[in-house]
Amino acid sequence: MDRRSVLILTGESSGDRAAGPLAAALKRRAPDLEVLAVGGESLRAAGAEILQDIDELGAMGFLEVLRQVPRLHHLEGRLRRLLERSPPSVVVPVDYPGFNLRIARLARARGVPVVYYIGPQVWAWGAGRVPKIAASVDRMLVVFPFELEIYRDAGVRVDYPGHPLLDGLDAAPPGTVLREGVGIENGAPVLGLLPGSRQQEIRRILPVMLEAAQRAWQRVPGLRTVVSRAESVPESELRRALERVPAGRVDVWEGSAAPVITGADFLLVTSGTATLESALHGTPLAVLYRTSPLSWFIGRRIVRIPRISLVNILAGEDLVAEFLQGEAEPVRVAEHAIGYLSDGPRREALSWRLRALRDRLGEGGTASRAAGMVLEEIR
């Protein structure tokens, strides 16, 4: 094969955001490299040719994922044909293991090297799945240092290039960007809402956040509330949720959530990558998660760790509150948020402990190091 190409596979917006800088770093190191991708805006902006947009692929919960099966089956067929007719030089799955591991097995069976970036969360499932992963990949690039030992013990080639979030910390906008953007006075307290990038999250979790915010308005003088709308969330979906609150009481921030994270005094965040991003910026937060009752029942029997938020998993302790399923109840969430919004020293103490988590992840330059490791696997 004369041309060199890489196929990057993501399945939701958090993976796309991590893969975009990786694709850009690959192009800088190897300008002749063709980058094909299942991805979204971040990969598109990095110059990747998008084979399938991920907007319709993201799902939360086991039942919700089942509804995606026909669409994923069609995508798998397209990728299978690509691997047979015009195989890339290397395949880079990014997170989204249920689907990406299947494509990884197909690629490796055809002699295409597989470098998995942001691997499956085996520390949550149990190490019993590692041998199956090892049979599907040539090299793992993990994003937490504690994952190294898990894969090394199973004989998997593994490296830690760093966490993708580290690359964006220094470039994050100051808190004044949010305040100036929506007209908030410098002294006014701000409650930020990060409901997630999936429609199911908007429907199940944002109403809890909004009701908690309404309770907080009554107790915290001058409190402003800003909700972040991810690009993958239709404006109509968010508008329906906001119909439940008085007009003009909640500001909407479009695009990147970074200004909301750095500009808020306290955050309510749906469990996911945004919880760790918020923590690394030192913004106090609480984590919420809700899914269908059956999905929750199944999930609690598969996941084998006592905490679900990346913040607490990295810290090894209950550093921030987790309001999960039935506990994600507006009164409880509101009381917790009010406690931090009303107590500056308490808020600053948590902020200091959250910022200290950066030391556990190392330094920036993750995308560049990961790109070098991917290029090493091209034969």
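- The structure places CG of L72 at 9.0 Å from CD1 of I103, a figure rounded to the nearest 0.5 Å.
- The residues R17 and E277 are annotated as not salt-bridged, no charged nitrogen and carboxylate oxygen being separated by less than 4.0 angstrom.
- Within the 3.5 Å criterion, the main-chain N or O of V38 finds a donor-acceptor partner in the side chain of T10.
- To the nearest 0.5 Å, atoms CG (L357) and NE2 (H163) are separated by 11.5 Å.
- Between F99 and E76 the shortest side-chain heavy-atom distance falls below 4.5 Å.
- The side-chain heavy atoms of P93 and L101, taken from C-beta on, include no pair separated by under 4.5 Å.
- By the 4.0 Å N-to-carboxylate-O rule, E348 lies close enough to R355 to be salt-bridged with it.
- Residues S368 and R28 bring no donor and acceptor atom of their side chains to less than 3.5 Å of each other.
- Here the side chain of R360 pairs a donor or acceptor atom with the backbone of L314 at under 3.5 angstrom.
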Trace of the salt bridge (charged side-chain N to carboxylate O under 4.0 Å, His left out) decision for E84 with R81: CA-CA 5 Å; E84 291 172 348; R81 290 189 292 274; over 6 Å; no
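- A donor-acceptor pair is defined here as one N or O able to donate and one able to accept, closer than 3.5 Å; no such pair exists between the side chain of Y289 and the backbone of E322.
- To the nearest 0.5 Å, atoms CD (E235) and CD (E254) are separated by 6.0 Å.
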Stepwise salt bridge (charged side-chain N to carboxylate O under 4.0 Å, His left out) test for R346 and D265: CA-CA 12 Å; R346 183 186 181 195; D265 295 290; over 6 Å; no
Test log, rule side-chain contact (heavy atoms from CB on, under 4.5 Å), inputs F266 and V220: CA-CA 12 Å; F266 193 81; V220 182; over 6 Å; no
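- When all heavy atoms are compared, the tightest approach of S256 to P259 is O-CD, 3.3 Å.
- Remark: the backbone N or O of E34 is not paired with any side-chain donor or acceptor of E49 at under 3.5 angstrom.
- Of the possible polar contacts, one joining the S351 side chain to the G282 backbone as a donor-acceptor pair under 3.5 Å is found.
- With a 4.5 Å cut-off on side-chain heavy atoms, L276 and F144 count as touching.
- Taking 4.0 Å as the cut-off between side-chain N and carboxylate O, R108 and D138 count as a salt-bridged pair.
- Looking at S197, its side chain never comes within 3.5 Å of a backbone N or O of A230 through a donor-acceptor pair.
- The distance from the CG atom of L83 to the CZ atom of R110 is 6.0 Å, given to the nearest 0.5 Å.
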Chi angles and distances behind the side-chain contact (heavy atoms from CB on, under 4.5 Å) call for V156, I133: CA-CA 9 Å; V156 181; I133 297 170; over 6 Å; no
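- Looking at R44 and E41, a side-chain N of the basic residue comes within less than 4.0 Å of a carboxylate O on the acidic one, giving a salt bridge.
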Worked check of side-chain contact (heavy atoms from CB on, under 4.5 Å) between V208 and L268: CA-CA 10 Å; V208 177; L268 300 179; over 6 Å; no
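- Looking only at side-chain heavy atoms (C-beta outward), V6 and P88 stay at 4.5 Å or farther from each other.
- For the pair T275 (side chain) and G272 (backbone), a donor-acceptor distance under 3.5 Å is present.
- You'll find the side chain of S42 stays beyond 4.5 Å of the side chain of S13, heavy atoms only.
- A donor-acceptor contact shorter than 3.5 Å is absent between the side chain of D53 and the backbone of G40.
- Across every non-hydrogen atom of Q52 and R78, the tightest pair is OE1-NH1, 3.6 Å.
- Going from atom CG of L51 over to atom CG of L75 covers 8.5 Å, rounded to the nearest 0.5 Å.
- With a 4.5 Å cut-off on side-chain heavy atoms, L319 and L350 count as touching.
- More than 12 heavy atoms of other residues, nucleotides or ligands shown are found within 6.0 angstrom of CD on E237.
- Closest heavy-atom contact between A371 and L26: O-CD2, 3.6 Å.
- In terms of heavy atoms, G196 sits closest to V233 at O-CG2, 3.8 Å.
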Check against side-chain contact (heavy atoms from CB on, under 4.5 Å), L79 and L106: CA-CA 9 Å; L79 295 174; L106 291 174; over 6 Å; no
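- W217 places none of its side-chain heavy atoms less than 4.5 Å from the side chain of L191.
- At most 12 non-hydrogen atoms from other residues, nucleotides or ligands lie less than 6.0 angstrom from CD of E363.
- The local environment of CG in D32 is crowded, with over 12 non-hydrogen atoms from other residues, nucleotides or ligands closer than 6.0 Å.
- Not a single donor-acceptor pair under 3.5 Å links the side chain of D95 to the backbone N or O of G11.
- A heavy-atom distance below 4.5 Å is not found between the side chains of Y117 and V142.
- The backbone N or O of A188 lies less than 3.5 Å from no partner atom in the side chain of E185, so there is not a single donor-acceptor pair.
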Criterion salt bridge (charged side-chain N to carboxylate O under 4.0 Å, His left out) on R215 and E211, from CA distance to verdict: CA-CA 6 Å; R215 293 177 178 274; E211 188 174 337; 3.7 Å; yes
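- A pairwise comparison of heavy atoms in L43 and D16 identifies N-OD1, 3.1 Å as the closest pair.
- Checking each of Q200, R290, R198 against I205 for a side-chain contact (heavy atoms from CB on, under 4.5 Å) leaves exactly one that passes, namely R290.
- Nearest approach of V94 to A19, heavy atoms of both residues: CG2-CB, 4.2 Å.
- A perpendicular orientation is assigned to the rings of F323 and H336, their planes being inclined by more than 60° (bins at 30° and 60°).
- Taking CZ of R229 as the reference point, atom CG of L193 lies at 15.0 Å (rounded to 0.5 Å).
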